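First up is the structure itself, then whatever we jot down about it.
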Amino acid sequence: MGISVTFTDDKLIAVIKIKLEKKQQVSKDKLLAYLSKERFACEWSQGQIEEEITLFNDSDDLVLKLPVLHDEYKKFQDRMNLLISPDEMHVYIRPKGPYQFNFEIQFKHIHRMMKMAKIVYGTIDENINKVVKGLNDRSFKEKTLIAEGKPEVMATDGSFLLLPDFTEELVINRVVRFGANKNTQKMQALKTAHPVLKGTVLLKQYPAVKGVEGVSVTGKKIWGENNRKAVKALVVNVSKNVMQQAKDGHAEYISQVNGIGYFINNQIIEVEEIFDGGFEIIISEDKMSAEAVLHPPKGGNPISQTKIFEEIGKKGIVHNLLATDLKKALEEANQDDGGKPRKVLIAQGTPPVNGLDGQIRWNIHLDLFYKPAIQQDGSVDYRGGNRYPFVRKGDLAGVWYMATKGRKKGSNVLGQPVDPQDGEDISLKLGNLFEFVDEEMDNRPIKTMTSKVSGLLRVKGNDISVEPVFEADKIDYSTGNIDFDGIVIVKEQISDGFHVKATGDIHINGNVGACTLESESDIHIKGGINGKNKCRIISRQNVFAKFVENASISARKGVYITNHSVLSELKGGEEVQVGIKRVKGRVLGGKLSAKKALRVDLVGSEKSTSEALLWAGVDKEVYDQHEQTKKSLEQLKIDITKTQKRINEEAEPGLKQGLEASLKQQLENMNQLQEDLEALKNAMFDESGVIEIREKAKAYTQLIIADKSYDLRVAAEKTCFKLAKDLIVKEPFAKKR
């Protein structure tokens with residue numbers, strides 16, 4: 001067996017190479033004997049050697065890398081002193097004297113010394129690196145700390161420090177409630193007090209600290225028996241006017257006001273605010289009044305009467321000073337300990353006597369005709385609409401009072417004069433159906449207004465006029481059909497088969513049947529419509545009715561039905577609504593169309609088999625014109641084909657020339673119809689149209705928006721339908737009524 005030994009550069013590892021002959025085994029004793037002969041001590045355990053030998057015994061060559069104490073390293077170790085403190089909390093290193101080594105000292109050389117000394121905790125690597133550098137450049141001379149244990153942290157109870165010095169002790173009675181029965185008992189509480197300023201630190205509270213286990217440099221735990229106890233935390237409650245904030249590991253309690261600080265039974269801290277009384281003097285923007293805002297004192301000095309009158313003088317308040325009221329208010333405020341601020345009027349200017357504005361006082365009776373107001377959400381307000389006063393020929397309609405000049409100067413609280421204002425006159429545009437007479441009443445010029453005709457008084461802004469009115473109890477054979485340039489008022493009903501046409505409103509207090517109504521303005525039917533499939537109602541504005549059955553209604557603006565619509569066609573240029581305010585309107589069959597919005601509460605019922613068509617985003621009148629124009633164009637194309645055929649078959653020159661002229665006219669008509677058709681197509685649809693189902697629509701109700709249809713296979717409840725990217729979408733309906 002051949003053995004050779006080499007060392008790593010740091011002299012810490014021996015590389016042992018053993019050449020084995022066949023079937024030769026390496027024994028531990030033989031190897032130890034050899035290593036002892038080589039005059040360096042082995043630092044490993046016998047178990048480690050046996051393990052290494054067993055691992056490599058089956059091979060021809062054995063290479064062991066084992067830590068050793070080389071002579072050079074032993075020389076280095078002998079020149080160094082490791083000093084361990086008696087409590088094993090600190091380890092120092094220092095040289096024994098002059099030193100010189102034949103190899104470069106590294107961190108691991110010192111670390112190995114510490115390991116051999118069983119130092120396992122708290123290594124200070126930064127200091128060790130300084131030692132290594134000092135050894136290599138021979139500048140290391142002083143004792144240096146290279147390891148430090150973690151000391152034990154002792155447990156401490158919570159504590160507090162009172163600031164400032166609370167010395168005055170008061171015994172006070174406090175009412176304390178015990179238990180759910182809220183029985184009350186009185187207890188005495190020890191209360192220390194001290195004046196404090198805002199921002200004063202009243203108390204510093206230090207938390208309880210649990211003990212922390214220490215560790216020595218040799219890894220021994222340091223944990224005293226007294227350090228295992230449970231610590232006690234002190235509790236402090238804040239009552240009022242005190243702010244708590246964290247600072248440097250403790251809590252500070254700071255006064256938020258000036259006052260008296262109290263610490264009660266070592267547990268509750270509070271500050272009773274103290275402040276002097278104060279005041280503010282405020283002059284109104286127009287200088288016509290002045291007031292004082294009094295702030296009652298609380299434990300401090302009262303509001304000074306002298307100072308407040310000095311301030312009034314500085315501000316120049318001299319006119320109509322209410323000194324008695326101010327003194328009384330000062331006395332009450334100074335007695336109100338810490339009460340709320342109070343305002344008191346201390347001076348009042350004398351207003352000027354202004355001129356009177358022009359005005360009109362009507363001297364007529366109001367008839368019971370109303371024009372409902374259509375609100376922004378589409379609902380109809382029957383109570384808040386306009387009332388139409390009825391005037392008769394020769395009646396005194398009203399008196400126009402003219403504006404007057406300002407009459408007398410006033411004075412503000414600073415004693416400055418205030419000029420009066422002239423009254424503002426009314427600018428009216430009066431129709432020629434009034435007669436005016438200039439008069440005077442109570443030293444004021446007036447104009448009396450007398451109506452020249454009977455009719456309804458219309459007031460629109462500055463325009464005042466009288467519109468002619470046709471009145472009848474009912475429309476039947478006694479009156480015949482009505483065609484009137486003005487307003488038509490029917491007190492009862494319109495019989496079947498009659499026709500009423502008006503340029504103004506049509507008001508009907510009763511019901512209508514199978515008749516025709518046409519108006520350039522609104523149509524108001526206080527009752528309902530039972531059309532019997534023969535009723536047509538046409539308005540250039542709006543139509544209002546309680547209910548409609550088997551009728552056709554067309555309005556350029558809106559159709560508004562209060563209760564129900566049965567098997568009827570309702571066409572609104574802008575909107576159609578069935579159901580007003582708190583009345584739930586129902587649609588049973590029929591067709592409803594509007595360019596902007598359809599608003600219905602209920603569509604269909606369990607007992608009804610009639611299906612309704614709801615079509616929004618379409619101008620139905622334009623649509624009908626489009627369809628009629630389309631039919632006319634198709635018929636014209638047929639006629640053109642017939643004319644062309646006759647031209648081809650006609651041999652007589654004169655007749656042929658006439659047919660060709662007719663064809664030319666037909667082609668011009670066709671081009672015009674095609675242009676009209678395109679214009680109508682562009683005008684009849686509005687993609688912003690919506691359908692609002694405010695309560696419920698039964699399944700299979702037909703829904704169309706513009707030219708897109710929607711298959712309602714299941715009932716829809718409180719849903720709004722609209723177009724989005726060429727598709728009809730649903731949104732929850734947000735009720736606005």
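Everything quoted here is computed from the prediction, not taken from an experiment.
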**Prompt:** Passes side-chain contact (heavy atoms from CB on, under 4.5 Å), Ile693 versus Val600? Steps please.
**Reply:** CA-CA 5 Å; Ile693 306 298; Val600 296; 3.7 Å; yes

**Request:** Take the angle between the ring planes of Tyr206 and His250 and call it parallel below 30°, perpendicular above 60°, tilted in between.
**Result:** tilted

Straight-line distance of [X] [atom1] to [Y] [atom2], nearest 0.5 Å:
X      : Y      : atom1 : atom2 : result
Ile346 : Leu322 : CD1   : CG    : 8.0 Å
Glu252 : Gln244 : CD    : CD    : 10.5 Å
Glu717 : Leu602 : CD    : CG    : 10.0 Å
Lys287 : Ser411 : NZ    : OG    : 11.5 Å
Thr719 : Glu692 : OG1   : CD    : 11.0 Å
Ile281 : Ile308 : CD1   : CD1   : 4.5 Å

Any non-hydrogen side-chain atom of [X] less than 4.5 Å from a side-chain atom of [Y]?
X      : Y      : result
Val242 : Ile254 : no
Asp425 : Met402 : yes
Leu294 : Val344 : yes
Val576 : Leu598 : yes
Lys409 : Asp419 : yes
Glu311 : Lys315 : yes
Ile274 : Ile260 : yes
Phe309 : Lys327 : yes

**Message:** Under 6.0 Å from the ring centre and within 45 degrees of the ring axis: does the NZ or CZ of Arg361 meet both conditions for the six-membered ring of Tyr401?
**Reply:** yes

Can we say [X] and [Y] salt-bridge, meaning some charged N sits less than 4.0 Å from an Asp/Glu carboxylate O?
X      : Y      : answer
Lys298 : Asp337 : no
Glu575 : Lys596 : no
Lys240 : Glu272 : yes

Quick one: does [X]'s side chain have a donor or acceptor within less than 3.5 Å of a partner on [Y]'s backbone?
X      : Y      : answer
Asn241 : Val271 : yes
Asp522 : Asn542 : yes
Glu687 : Leu723 : no
Asn320 : Gln348 : yes
Ser284 : Ala290 : no
Asn258 : Lys198 : yes
Gln577 : Gly579 : yes
Thr200 : Leu202 : no
Asn334 : Ile303 : yes

Which pair of non-hydrogen atoms, one from [X] and one from [Y], has the smallest distance, and what is that distance?
X      : Y      : value
Lys718 : Arg694 : CG-O, 3.3 Å
Ala333 : Pro296 : O-CB, 3.2 Å
Gly689 : Ala616 : C-CB, 4.3 Å
Gly277 : Pro297 : N-CB, 3.3 Å
Pro420 : Gly406 : CB-CA, 4.0 Å

**Request:** Report yes or no: do His295 and Glu280 form a side-chain donor-acceptor pair below 3.5 Å?
**Result:** yes

**Prompt:** More than 12 non-hydrogen atoms from neighbouring residues, nucleotides or ligands closer than 6.0 Å to CD on Gln256, yes or no?
**Reply:** yes

**Asked** Would one find more than 12 heavy atoms of other residues, nucleotides or ligands at under 6.0 Å from atom CD of Glu424?
**Response** no

